[in-house]
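After the structure tokens below, expect a handful of questions from me.
Hydrogens, waters and symmetry mates play no part in the numbers below; they use all other heavy atoms, side chains included. Letters A, B, ... are given to chains in the order of the sequence lines, protein chains preceding strands, and every chain is numbered from 1.
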Amino acid sequence: MLSKGLKRKREEEEKEALAVDSWWLDQGHPAAAQTPPPVASSSLFDLSVLKLHHSLRQSEPDLRHLVLVVNTLRRIQASMVPATALPPVPIQPTVPTVADSLLSSSDAGLSASVASLLEDLSHIEDLNQAPQLQADEGPPGRSVGGAPPNLGALDLLGPATSCLLEDGLEGLFEDIDTSMYDSELWAPASEGLKPSPENGPAKDETPELDEAELDYLMDVLVGTQALERPPGPGR
Amino acid sequence: MAGAGGGNDIQWCFSQVKGAVDDDVAEADIISTVEFNHSGELLATGDKGGRVVIFQQEQENKIQSHSRGEYNVYSTFQSHEPEFDYLKSLEIEEKINKIRWLPQKNAAQFLLSTNDKTIKLWKISERDKRPEGYNLKEEDGRYRDPTTVTTLRVPVFRPMDLMVEASPRRIFANAHTYHINSISINSDYETYLSADDLRINLWHLEITDRSFNIVDIKPANMEELTEVITAAEFHPNSCNTFVYSSSKGTIRLCDMRASALCDRHSKLFEEPEDPSNRSFFSEIISSISDVKFSHSGRYMMTRDYLSVKIWDLNMENRPVETYQVHEYLRSKLCSLYENDCIFDKFECCWNGSDSVVMTGSYNNFFRMFDRNTKRDITLEASRENNKPRTVLKPRKVCASGKRKKDEISVDSLDFNKKILHTAWHPKENIIAVATTNNLYIFQDKGN
């Protein structure tokens with residue numbers, strides 16, 4: 001629909017991987033568009049989680065963007081869980097598959113809510129994020145799960161647990177070249193595009209680590225405390 | 001408005017365009033702010049590379065009285081440099097977020113420019129004379145051997161080629177944890193405010209080592225954060241009054257006399273949501289991207305994603321006027337969410353008499369709304385119309401159905417060509433419109 005004149009923005013190439021249901025696009029009739037469907041498309045949910053990831057991965061996230069995406073995600077999530085809100089009710093079998101997969105794929109060591117993530121980050125008075133440490137659980141294209149039953153606080157994200165973000169360690173992550181952890185899924189669609197000058201070379205490439213690689217990385221870090229820190233990234 | 005004929009209609013003509021011609025836009029050249037000074041003689045732009053370029057209007061040519069003077073480059077300087085915060089391991093962008101002029105008090109001009117973290121007061125001064133005839137120095141500056149001085153003379157000022165110098169007079173730093181989105185100079189001309197996502201600070205122009213925090217919406221628990229500050233401005237006449245807008249579509253008016261910390265608003269402006277227009281994106285499109293008081297101080301204008309609203313300061317529960325900027329995008333919100341365009345922050349501005357408001361849109365279109373006649377017009381900033389004194393042709397977007405000749409369909413709009421920043425001369429019908437990396441100046445043909 002927006003294909004003709006629309007040029008893809010440089011930082012959005014990763015969204016190519018996401019297939020949006022076509023029925024969302026063919027909203028020719030204004031009246032049809034104005035009524036949101038009673039249950040959000042799972043792809044809209046995925047899209048929002050993807051945006052949340054992307055936002056959090058920035059070295060200094062745009063707080064407005066982050067807050068708006070989180071609020072939108074809460075709305076979508078609320079519409080996906082029928083009848084009651086949050087706090088939690090045992091998920092009905094009729095809830096779309098994505099909610100199931102999110103709830104089922106869990107890992108206590110990796111699960112953290114956006115809320116607690118923000119809380120941790122606020123302790124250092126700034127949203128300094130360790131961008132490389134993401135986990136991709138579940139089928140490709142799905143965003144990270146790891147949600148405890150309580151959906152109230154948007155417990156959707158697996159990545160960047162508080163236990164890993166201890167002072168001293170988080171800064172190390174930014175200096176690590178994680179290009180070797182880049183999985184096929186997230187390879188930039190257009191290699192010709194330069195990374196944004198504000199971000200270090202590794203920050204925007206959003207490597208998605210699976211669990212095994214994450215464990216390995218943890219071992220490396222814990223085992224070798226005196227990882228040498230290269231000088232701060234220049235432009 | 002233009003094209004309709006009639007005595008009072010403005011006929012907008014292309015006047016000038018500044019910036020590179022080629023399509024390959026250098027990131028640093030992206031214009032990030034545009035602002036006329038109080039007389040309209042100077043026009044400042046800031047860009048993503050941290051530079052400020054000031055244009056000056058030529059003195060009116062009395063013979064060619066059909067057009068106002070052209071704007072030519074007056075001064076260019078690097079306002080902000082990229083910085084690295086070593087403590088937090090973060091780069092600080094040098095992009096100029098806002099420029100605000102101080103009213104002129106003497107021969108020099110002063111402006112405030114800000115990036116995400118630091119505000120700077122710049123003095124722009126002219127030098128057109130220099131002293132000549134020193135006793136102890138040669139003309140090239142080298143010192144003379146005092147023993148060779150046999151006579152004394154009085155140095156005199158002689159004319160020289162005009163030189164415009166910009167020098168930073170104050171640097172207001174280290175007061176913002178989050179990204180600065182607004183600065184606004186108080187009508188007392190002594191203080192100003194700076195606003196970031198969660199806090200607003202009050203500064204004195206002479207004092208750089210401290211500022212007063214006057215608004216703080218940071219929750220004790222960051223997990224409760226659901227709203228951020230998006231813009232703030234002082235009232236043009238009441239030095240104790242300012243407003244700030246939020247990502248939830250509310251505007252709060254605060255009185256600094258009420259308390260030191262203005263967390264409790266005096267007035268809350270909010271329009272109830274239209275239930276028929278409710279969607280998952282309701283909140284995002286209600287997020288206010290700009291707020292501007294009218295020159296009179298009686299009204300304020302807000303810009304959200306799809307509309308411009310005029311509020312009477314005496315009425316909090318709804319705006320007095322609402323203008324749809326590009327309603328045809330309402331059915332495309334999901335796609336615009338996908339490509340992040342829904343987060344674009346458009347600015348808006350008043351004309352000098354508060355009778356017309358202007359804002360930008362996509363495809364290098366910009367829109368004007370006449371509050372008196374209720375007519376509106378869509379124009380395009382494009383090099384194709386670059387013959388001076390050619391009246392701009394109104395544009396029309398075809399939302400659905402059969403597209404008429406000369407209309408453009410929604411699906412053909414270029415969403416990378418966005419006009420986020422526009423400015424209106426405080427006294428004349430001269431407007432400055434910024435595309436991604438070009439600055440267009442349009443004038444009323446009748447000038």
Would you please test B:His179 and A:Asp62 for side chain to side chain contact (heavy atoms under 4.5 Å, CB included) and show each step? CA-CA 8 Å; B:His179 291 175; A:Asp62 178 349; 5.7 Å; no

Evaluate whether atom CG of B:Asn174 has more than 12 neighbouring non-hydrogen atoms of other residues, nucleotides or ligands under 6.0 angstrom away.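 No - once you tally the heavy atoms of other residues, nucleotides and ligands closer than 6.0 Å, there are 12 at most.
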
Is it the case that more than 12 heavy atoms not belonging to B:Lys345 sit under 6.0 Å from its NZ atom?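 No, NZ of B:Lys345 has 12 or fewer neighbouring heavy atoms, counting only those of other groups under 6.0 Å.
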
CG on A:Leu68 to OG1 on B:Thr230, rounded to 0.5 Å: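 With rounding to 0.5 Å, OG1 (B:Thr230) is 9.5 Å from CG (A:Leu68).
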
Might you point out which heavy atoms bring A:Arg64 and B:Phe343 nearest each other, and give the distance in Å?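 Heavy-atom minimum between the residues: NH1-O, 3.0 Å.
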
Indicate yes or no for a side-chain donor-acceptor contact from A:Asn71 to the backbone of B:Thr226 under 3.5 Å, with no hydrogens or angles considered.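 Between the backbone of B:Thr226 and the side chain of A:Asn71 there is a qualifying donor-acceptor contact (under 3.5 Å).
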
Find the distance between CD1 (B:Ile284) and NE2 (A:His65) and round it off to the nearest 0.5 Å.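 So the gap between those two atoms works out to 8.0 Å.
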
Per-residue contact mode, B:Glu224 against chain A (heavy atom under 4.5 angstrom):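 Neither part.
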
Based on non-hydrogen pairs under 4.5 Å, which of B:Val228, B:Asn363, B:Asp196 is most in contact with chain A?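 Heavy-atom pairs under 4.5 Å are most numerous for B:Val228.
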
Measure the spacing between OH of B:Tyr337 and OG1 of A:Thr72 and express it to the nearest 0.5 Å.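 It is 5.0 Å, given to the nearest 0.5 Å.
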
Does A:Glu60 come within less than 4.0 Å of B:Lys117, counting only side-chain N to carboxylate O?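 Judged by the 4.0 Å cut-off on N to carboxylate O distance, A:Glu60 and B:Lys117 do form a salt bridge.
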
With rounding to the nearest 0.5 angstrom, report the CG to CE distance, A:Leu63 to B:Met222.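 Those atoms lie 5.5 Å apart.
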
Side-chain donor/acceptor of A:Arg75 to backbone N/O of B:Ser279, under 3.5 Å: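 It does hold such a pair.
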
Value rounded to 0.5 Å, distance of CG in A:Leu73 from CZ in B:Phe280: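 Spacing of CG (A:Leu73) from CZ (B:Phe280) equals 11.0 Å.
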
Side chain, backbone, both or neither: which part of B:Leu198 has a heavy atom under 4.5 Å from chain A?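 The side chain, not the backbone.
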
